[in-house]
There are 4 protein chains.
Amino acid sequence: MHDTMSRLRTELIAAGQFFHSRGWVPATSSNFSARLSEAEILITSSGQHKGRLDDNGFLRADLQGVSLEEGKRPSAETGLHTLMYRRDPAVGCVLHTHSVNATVLSMRLDEVVFDGYEVQKAFPGVGTHASRLLIPVFPNSQDIPALAEVVGAYLDENPQTVGYLIRGHGLYTWGATVADTQRHIEALEFLFECVYRQMLLDR
Amino acid sequence: MHDTMSRLRTELIAAGQFFHSRGWVPATSSNFSARLSEAEILITSSGQHKGRLDDNGFLRADLQGVSLEEGKRPSAETGLHTLMYRRDPAVGCVLHTHSVNATVLSMRLDEVVFDGYEVQKAFPGVGTHASRLLIPVFPNSQDIPALAEVVGAYLDENPQTVGYLIRGHGLYTWGATVADTQRHIEALEFLFECVYRQMLLDR
Amino acid sequence: MHDTMSRLRTELIAAGQFFHSRGWVPATSSNFSARLSEAEILITSSGQHKGRLDDNGFLRADLQGVSLEEGKRPSAETGLHTLMYRRDPAVGCVLHTHSVNATVLSMRLDEVVFDGYEVQKAFPGVGTHASRLLIPVFPNSQDIPALAEVVGAYLDENPQTVGYLIRGHGLYTWGATVADTQRHIEALEFLFECVYRQMLLDR
Amino acid sequence: MHDTMSRLRTELIAAGQFFHSRGWVPATSSNFSARLSEAEILITSSGQHKGRLDDNGFLRADLQGVSLEEGKRPSAETGLHTLMYRRDPAVGCVLHTHSVNATVLSMRLDEVVFDGYEVQKAFPGVGTHASRLLIPVFPNSQDIPALAEVVGAYLDENPQTVGYLIRGHGLYTWGATVADTQRHIEALEFLFECVYRQMLLDR
């Protein structure tokens, strides 16, 4: 497991540097996690700048979000990560980022719909642009367990969901590996910028 | 031919890194190819991130798009590359990129027209800004042979074409060398951003 | 104190490089300072490019803004830095940056209001997005003592203020450390871009 | 003179890399020059990518634009550079760049006016934001001598001019040194983006 941990840390640090170069993890926003085993995850600890992470910026937690390392506090939003690992053993990574477009769209729409974009094929199970991808927007809350419950109920009803927005608070997405999940972020941010630019032309 | 292959791989890898720094090859979108000989091309294999290519991210194919390397699958869109190599022995490189502007403009226009821009002189045979450059937009399709037929018919009628868009799916352009084709991408993306910014002011 | 000075110079140089990469310190605009002791600060000297600072780009000054180094002239705007160090012994850093958004918003609004953004939690004492953060805009002036008086009077009335804009002239913010203050810049610039994008959609 | 030439080449190469990182020198657009002596300049040769210059990308020319190096062709636009060196012995550098904003604004306005921006102080002789800076726009032409005549006549009437735009063709500015001129570019591009963003809000 030490090798796995070391590899996942390296992958999450690199992901954070890439997101930072695009402006998607401002200040100390955002959280990254990856699965270590059936019962444990690695997650960024509270208050870190996600573009300048080092090996000390992580902690191990169980799938209830309890820290397995003394003196290290998991982020408040850990519950939104563990929700995904509990729901599906195939989930190996959860990334929460915080771009301008994710924020602005989430404050103006109740869902973001992608339709006719070739890039929709970046998501598992999507084989054609002639499909409809819907990203739901949930109201923001500082009560993370309550928010996790709302998200969980939605995912029960809509198991094909690839990611969601929290109003004024950014994006959550997940995948089998860090690379897969980073690809989802890149595809979703591309699509958010397309939607924003279309909205400007549509007014 | 080994030297040629090695040089072309290096050039295409560098092109991908540059396009990635600009956000023009999100997720695993886009495809790059270059001519190895009269009858063979080098092309990116399926599912690679085009901003992080290495020497293993390519395969050799013939001008019908058949892989010449066992176990390596060419991208679905190889047929749009080989079309160009078959049409013109002077074509040494075909690049397909996937920017936000190429996507948004292709979803709103049937053709993109450049008129009065000095940068139009970046294209072969254009000696003055006082010219008109037209980039056609073709409907997207997952049926690549059918799409290649539509493109080929258009190019028969309009042999001076320097590139085309597929709706919601990005840009194809070509040239004698990787450097020439990369310059076309850079010029076209510059012009797309000009056109988008003009459209915003025109509403 | 030599160690402190060396460390603070390094931190301010790195901050300048980051701001430059984002376009927030154009030409020779902007000024950075950090506290050396109860009675002394380190501040960028006049006419430097803030994205390419080296160890010679700084001077020591007292809290009245008088240079403590012969032959080195503090920036004209030093008085807006020393104001903050005199007001609060906990202030360890003052950063003045000059982005396009800070400039444009300051020329169109009398105050910039952030409401409902999770990123507001980047500021000390803000525990929820359900809060209201107000960034005042002061008229620009080449008479820095007069401007400092206006700012000081406002801060007396509004001690919870986290930063302010000068019309057509950029942003001032402060914090306990260089890292804290850089985080405030990053959060405020994120929020300015959100507000600008919302204003475009609102017209 | 060899030392001067070597230093100026290095400075112009670095300037080009910076402009390229911002997208201000797309494809093979733009030209850079610097004064070698009373009667000679160094100028980028035709067809170079200005973001990837090396020592071979330059040639020496006299102040009439005649190449002093056999087999090296000066750019067609050399006449707009030599005009400035002939007009004023204090001019040590002329930079022509080609940004999206310079292009779009030049196609919609007959002059670009800056008023109330602190950054106007980046230009020689400007001591306050409460000033008015006017950037004229000249019609584009492939007849460079004719264009140079129009520019020269305007500068005779308006000697305080700090730069000009050619319609659809980008920006020319100049200064005593490469660093000064690069600062002018950075300030003007900052101001162009401010003006463009204001125009969007004003519609």
Side-chain angles (χ1 to χ4, degrees), chain C residues 17 19-31 46-52 57 75-77 80 96-109 112 137-144 146-147 165-172 192-193 195-203, chain D residues 10-11 14-15 17-24 95 97 99-101 105 113-124 126-133 162-163 173 175-203:
Chain C
Q17 290 166 344
F19 298 151
H20 182 47
S21 76
R22 297 283 167 102
W24 299 340
V25 291
T28 51
S29 72
S30 310
N31 296 290
S46 196
Q48 306 287 320
H49 192 294
K50 303 313 174 301
R52 300 185 200 100
S75 154
E77 289 152 28
L80 295 170
H96 164 43
T97 51
H98 203 121
S99 73
V100 165
N101 283 323
T103 302
V104 168
L105 294 180
S106 75
M107 290 174 93
R108 304 187 75 98
L109 302 172
V112 184
V137 179
F138 300 114
N140 196 8
S141 169
Q142 301 301 323
D143 179 349
I144 299 299
L147 190 47
L165 293 169
I166 306 174
R167 183 151 290 137
H169 188 160
L171 170 69
Y172 273 84
F192 290 148
E193 178 72 19
V195 167
Y196 177 75
R197 293 202 163 213
Q198 301 254 27
M199 283 169 75
L200 282 186
L201 290 172
D202 281 338
R203 276 162 334 106
Chain D
T10 303
E11 290 178 23
Q17 290 166 345
F18 169 60
F19 298 151
H20 182 47
S21 77
R22 297 284 168 99
W24 300 340
L95 297 175
T97 52
S99 73
V100 166
N101 283 323
L105 294 180
V113 178
F114 306 127
D115 195 342
Y117 293 96
E118 181 73 11
V119 162
Q120 294 168 221
K121 288 168 62 185
F123 296 98
V126 181
T128 171
H129 63 285
S131 58
R132 223 176 111 87
L133 209 63
V162 300
T173 188
T177 64
V178 175
D180 281 356
T181 315
Q182 183 170 340
R183 191 182 68 238
H184 295 176
I185 297 273
E186 211 180 338
L188 287 168
E189 290 295 343
F190 175 87
L191 291 165
F192 290 148
E193 177 72 19
C194 286
V195 167
Y196 177 75
R197 292 200 165 214
Q198 301 254 27
M199 283 169 75
L200 282 186
L201 290 172
D202 280 339
R203 277 163 331 108

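Quick note: numbers below take in every heavy atom, side chains included, and nothing from hydrogens, waters or symmetry partners. Predicted, not measured: the structure shown is a model, and the values here were computed from it. Here is how names work: the chains are called A, B, and so on, in the same order as the sequence lines, proteins then strands, and each is numbered from 1.
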Using a 4.5 Å cut-off on heavy atoms from C-beta on, say whether the side chain of [Y] contacts that of [X].
{"X": "Val119(D)", "Y": "Thr103(C)", "value": "no"}
{"X": "Arg108(C)", "Y": "Gln198(D)", "value": "yes"}
{"X": "Tyr196(D)", "Y": "Val100(C)", "value": "no"}

Under 4.5 Å heavy-atom distance to chain D, tell me which part of [X] shows up: side chain, backbone, both or neither.
{"X": "Thr28(C)", "result": "both"}
{"X": "Ser99(C)", "result": "backbone"}
{"X": "Asp202(C)", "result": "neither"}

Using a cut-off of under 4.5 Å for heavy-atom pairs, which of His184(D), Arg197(D), Gln182(D), Arg203(D) has the most such pairs with chain C?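 Greatest number of close heavy-atom pairs with chain C: Arg197(D).
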
Can you tell which part of Glu189(D) gets under 4.5 Å to a heavy atom of chain C, answering side chain, backbone, both or neither?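 Neither the backbone nor the side chain of Glu189(D) comes within 4.5 Å of chain C.
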
Of the backbone (N, CA, C, O) and the side chain (C-beta and beyond), which part of Arg22(D) lies under 4.5 Å from a heavy atom of chain C, both, or neither?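 Arg22(D) touches chain C through side-chain heavy atoms alone.
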
Partners passing side-chain contact (heavy atoms from CB on, under 4.5 Å) against Leu109(C) (at least two apart in sequence or in another chain):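 Once residues adjacent in sequence are excluded, the partners of Leu109(C) under the side-chain contact (heavy atoms from CB on, under 4.5 Å) criterion are Leu105(C), Val112(C), Met199(C).
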
Checking His49(C) now: which residues fulfil side-chain contact (heavy atoms from CB on, under 4.5 Å) with it, not counting sequence neighbours?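 Checked His49(C) against side-chain contact (heavy atoms from CB on, under 4.5 Å); matches are His20(C), Arg52(C), Glu186(D).
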
Residues His169(C), His129(D); criterion side-chain contact (heavy atoms from CB on, under 4.5 Å); working and verdict: CA-CA 9 Å; His169(C) 188 160; His129(D) 63 285; over 6 Å; no

Identify the heavy atoms of Ala27(C) and Arg183(D) that sit nearest to each other, and give their distance.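 Nearest pair, atom of Ala27(C) first, then Arg183(D): CB-CG, 3.5 Å.
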
